[in-house]
> 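Submitted below is the structure of interest, expressed as structure tokens.
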Amino acid sequence: MRVRAKYYDGLSSKEKDVILDIDKDSLEIKELKLKYPLKEVDIFDKVGNNPRVIDLPNGGRIKIESNKEVDNILKNNSIFKIENSKKGVIFILIASIFLVYFFFTKGSDFAASLIANNLSKDKVDFFSKKAFSVIDEKYLSPSKLPLQIKIKILERFKKAYPNDHFRIIFRSSKTIGPNAFALPNGDIVLLDELVKLDDDKNYNGILGVLLHEKGHVVYKHALKGVVKGVVATALVSYLSGDLSFIVTTLPTLLIVNGYSREFEKEADSYTKKELQRLNISPIPLVKLFKKLDRYSNSKDDKLLKGWLSTHPQTSKRIEFFLKN
Amino acid sequence: MDMDLEKLKKHPSKTVREYAKIVEENRKNKNISLDKFEFRGEGKEFFNIWIVNFFLTLFTLGIYSAWAKVRSNRYIWESTYYRGSNFEYNAKPLNILYGRILVVGLYIIYYIFAKVLLNITLTLIFIAIFIILFPWLMRQAIKFKLKSTSYRNISFSFRAKVSDFYKLFLKYIILLVALHGSYFYIKDYIPLDIAHIIPYFIFVIDFIIIGFGYREYKEIVINNIYYGDGKFNFYSSKKDTFLFLFKIFIFLVVSFFIIEAVFIVPKIVLLKNISAAPEFFAFFQIFIYLIFLVFFSFFKGFLDGMATNFIRNHTTFEEGKFRSNINPFKLGFISVTNLLGIIFTLGFFYPWAKMRYLREKIENSSFSCENLDYFISKQKDEVRAIGEEALDFLDIDIGF
């Protein structure tokens, strides 16, 4: 077939209108005495409705205005075909939404457990101790609890888990308030301020909190949180295009916070299950919740709000623990 | 080769002063016939390309992103026309992929040093190496982008020396360090009655230094851009530069007061409801954040418009003249509405946003050139994409 085309020789910026003869095997520009088999020329994929580009072995370039008959001869690649069919685009759109959902849920969990399983215990221990030493130096001071109480709590935990090697690290901190947190290696940091709030003789409230923190370790929440944060950041910055980082931080934070709420629920149901297994009443834990709630309501400073500040609404949690 | 081609090819090399004169004359001459740049990109068409890119990038865990970049850049370049001919983007996806892998690898190493091992010495060494490499990266990035761009099958090229970039960075770093360093040492001796205005004074000087640094940077960049054997020139007199900076300064000051005024309302509401539910606080934080974003993206568009006008109106290509009539307020408005569109469609408005922003910038530019046919190709050499990928990663714009 015969089409109008533009020819650029690659040596100067001259534009030449030419007549191009093109068939299944070759192309020819008679007036320039150029003839090549199609195998030897570089036919570019089409992008949108833009002119078709063909590079010749002599350094020249041909451009042909978008033309269906030419497309039939030169064939379009599959990506172009998908982009230009309504069904294809709708399918890709739906598939993308599913893929995003998959990456946030199963994909992140899978990546996190993959990383977790490939990290040796020594390494996890090393990172945990390193991270703890930073926090310890900055915010924590030695515990002032009497030895008896410490032993009581340790024994309480030991009774529940005779075969586990979790350590409980006792510290106190005025800046953090009543709190407890778990390190990735399973060590749990318990602050005096929290122990003082529990008036149960056997420290069953504290045991509940420790179980909750252990739940985080069992489900590898710290690592999952990091992986999900990375996935969320990558996706949000891709979707928002070239907008700067400021635009992307808030949506990312919202997504990650949503996840942490999910983690809390998971740790709570772990706690409930373990309490039932150990035949311990949830009442002391519920009482501790109420005290913590009163405590955090009395503080305006976010930092001082204590263990509850990063956790779901107290009334809902109490309901959860008291329900059978 | 024809005779006139031969003649034009060997145009006498001009001195910087002569080029400056051409720029000035062109700027004052209002009777030049100008041809507009044209942008034929459409949101719907770009959406199809963008969503397929998005899916494949996700599906291949990011590897396809190099091909995706070439495809969307090709769409944008090929949709930009001047006198009926479109621009061409010729970068090879594999080059971009290598660059990306290297940059992501380096970032992971940095992340491990800084966030996991918490090793301050190694982190600082890493940052120092990055700062030392930065000017080189910058030059590579510009080189790659220009090398990948052609018009009528003739490539653009970039011939700046690495040393030019190092000199520029060193000069301005020394200037700023000297200014702030001397302020740090003398601030205890400044009489109290004027001490409180000194920081503002320092801010103004900073602003002027950075403004002139920007001009010098543009001189190094644009004066080393070639199309075939034709040369681009950028020249702006001190007076013009001051005027440009002054306008931006006034804009900054005015908007500072507007922001203060706007934020008074939420501040009062927050203070009155200090003991309200946490949900209320969260809602207010998002609200304030949105207001901040609206201002921020307006500045971005406005400054982009101002700077683009300033640069293009002081640039020539050989004897040809550029003109740019972007309305900075309109570009700021487009920037804000784009941002809101993207937020409220969870990102799906992006293709349309990109197209309308580009259209506004491209279609308000024009160029006069008597004869477009006589620019001769220079030899092609390969440039690796590492520079551009590093700058892409850091979100630094090198366009002019």
Side-chain angles (χ1 to χ4, degrees), chain A residues 6-15 44-45 47-51 53 55 59-61 63 79-80 82-86 88-89 92-93 95-96 99-100 102-103 126-127 130-131 133-134 234-247 249-251 254 297 300 302 305 309 313, chain B residues 1 5 40-42 45-49 51-52 54-59 62 65 67 71-72 74-75 78-79 84-86 88 116-118 150-154 227-228 230 274-275 285-286 289 292-293 296-297 300 339 342-343 346-348 350-351 353-354 372-377 395 397:
Chain A
K6 281 174 175 165
Y7 179 73
Y8 310 92
D9 61 12
L11 300 169
S12 77
S13 53
K14 224 176 225 167
E15 181 176 80
F44 282 47
D45 307 328
V47 183
N49 215 15
N50 293 334
V53 180
D55 273 359
R61 177 170 275 189
K63 277 188 201 168
I79 288 176
F80 178 85
I82 297 169
E83 284 167 359
N84 284 275
S85 88
K86 231 183 203 147
V89 169
I92 289 286
L93 184 64
S96 303
L99 206 55
V100 169
F102 172 77
F103 270 102
F126 173 77
F127 293 142
K130 195 107 193 177
S133 70
V134 174
L235 271 174
V236 172
S237 53
Y238 190 96
L239 276 175
S240 60
D242 44 13
L243 297 176
S244 75
F245 68 99
I246 302 176
V247 186
T249 31
L250 181 82
L254 284 177
N297 281 340
D300 286 334
K302 238 191 161 175
K305 278 184 180 278
S309 66
Q313 231 182 315
Chain B
M1 231 179 262
L5 190 66
R40 297 188 193 164
E42 282 169 24
E45 209 172 28
F46 189 54
F47 175 81
N48 296 347
I49 292 166
I51 190 75
V52 175
F54 176 67
F55 176 77
L56 289 174
T57 300
L58 222 56
F59 194 74
S65 69
W67 281 262
R71 207 159 168 77
S72 73
R74 265 188 69 198
Y75 182 74
E78 288 177 7
S79 298
S85 310
N86 59 356
E88 297 144 1
V116 181
L117 295 177
L118 302 168
S150 62
Y151 175 74
R152 293 184 169 188
N153 201 15
I154 298 289
Y227 169 66
I274 201 88
S275 54
Q285 273 172 347
I286 292 174
Y289 179 79
F292 171 73
L293 273 186
F296 178 78
S297 62
K300 231 183 137 186
L339 176 87
I342 287 172
I343 291 175
L346 298 173
F348 287 107
Y350 175 74
K354 180 99 183 167
L372 265 179
D373 292 348
Y374 295 111
F375 298 101
I376 294 166
S377 148
D395 215 0
D397 189 26

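Per chain, numbering begins at 1; letters A, B, ... match sequence-line order.
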> From B/I51 CD1 over to A/S96 OG, what is the distance, rounded to the nearest 0.5 angstrom?
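These two atoms lie 4.0 Å from each other.
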> Once rounded to the nearest 0.5 Å, what's the spacing between atom OG1 of B/T57 and atom CG of A/L99?
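Spacing of OG1 (B/T57) from CG (A/L99) equals 10.5 Å.
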> Hey, could you give me the CZ/CG distance between B/F348 and A/L93, rounded to the nearest 0.5 Å?
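Between B/F348 CZ and A/L93 CG, I get 5.5 Å after rounding to 0.5 Å.
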> With a 4.5 Å limit on heavy-atom distance, are the side chains of B/I49 and A/F80 in contact?
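No. Closest side-chain heavy atoms not under 4.5 Å.
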> Go through the structure and list residues passing side chain to side chain contact (heavy atoms under 4.5 Å, CB included) with A/F102, not counting sequence neighbours.
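Result, side chain to side chain contact (heavy atoms under 4.5 Å, CB included) vs A/F102: A/K106.
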> Nearest 0.5 Å, please: how far is CD1 in B/I154 from CG in A/L11?
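Going from CG on A/L11 over to CD1 on B/I154, the span is 7.0 Å.
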> Report which part of B/S72 has an atom under 4.5 Å of a heavy atom belonging to chain A: side chain, backbone, both, or neither.
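Looking at B/S72, nothing touches chain A.
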> Need one label for A/D45: side chain, backbone, both or neither, based on atoms under 4.5 Å from any heavy atom in chain B.
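Contact with chain B is through both the backbone and side chain of A/D45.
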> What residues, two or more places apart in sequence or in another chain, satisfy side-chain hydrogen bond (donor to acceptor under 3.5 Å, both in side chains) together with A/E15?
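Residues passing side-chain hydrogen bond (donor to acceptor under 3.5 Å, both in side chains) with A/E15: A/Y8, B/S85.
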> Restricting to non-hydrogen atoms, name the atom on B/S150 and the atom on A/R61 that form the minimum distance, rounded to 0.1 Å.
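Scanning both residues, the minimum pair turns out to be OG-NH1, 3.8 Å.
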> Which answer fits B/S65, side chain, backbone, both or neither, if we ask what part of it has an atom under 4.5 Å from a heavy atom of chain A?
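Nothing of B/S65, per the 4.5 Å heavy-atom cut-off to chain A.
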> For the pair B/R152 (side chain) and A/Y7 (backbone), establish whether a donor and an acceptor sit closer than 3.5 Å, ignoring hydrogens and angles.
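Flag not set: sc B/R152 to bb A/Y7 has no pair under 3.5 Å.
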> Considering only heavy atoms, which portion of B/F46 lies under 4.5 Å from any heavy atom of chain A: side chain, backbone, both, or neither?
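It is neither, since no heavy atom gets under 4.5 Å.
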> Side chains of B/N153 and A/K63 only: does a donor on one sit below 3.5 Å from an acceptor on the other?
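Result is no, nothing qualifies.
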> For chain A, find which of B/R71, B/E42, B/E45 contributes the most heavy-atom pairs closer than 4.5 angstrom.
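Option with the top pair count is B/R71.
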> Side chain from CB out, backbone as N, CA, C, O: work out which of these in B/F47 comes under 4.5 Å of a heavy atom of chain A, or both, or neither.
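For B/F47, side-chain heavy atoms alone lie under 4.5 Å from chain A.
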> Given that the side chain runs from C-beta out, which part of B/E78 has a heavy atom under 4.5 Å from chain A: side chain, backbone, both or neither?
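Both parts, backbone and side chain.
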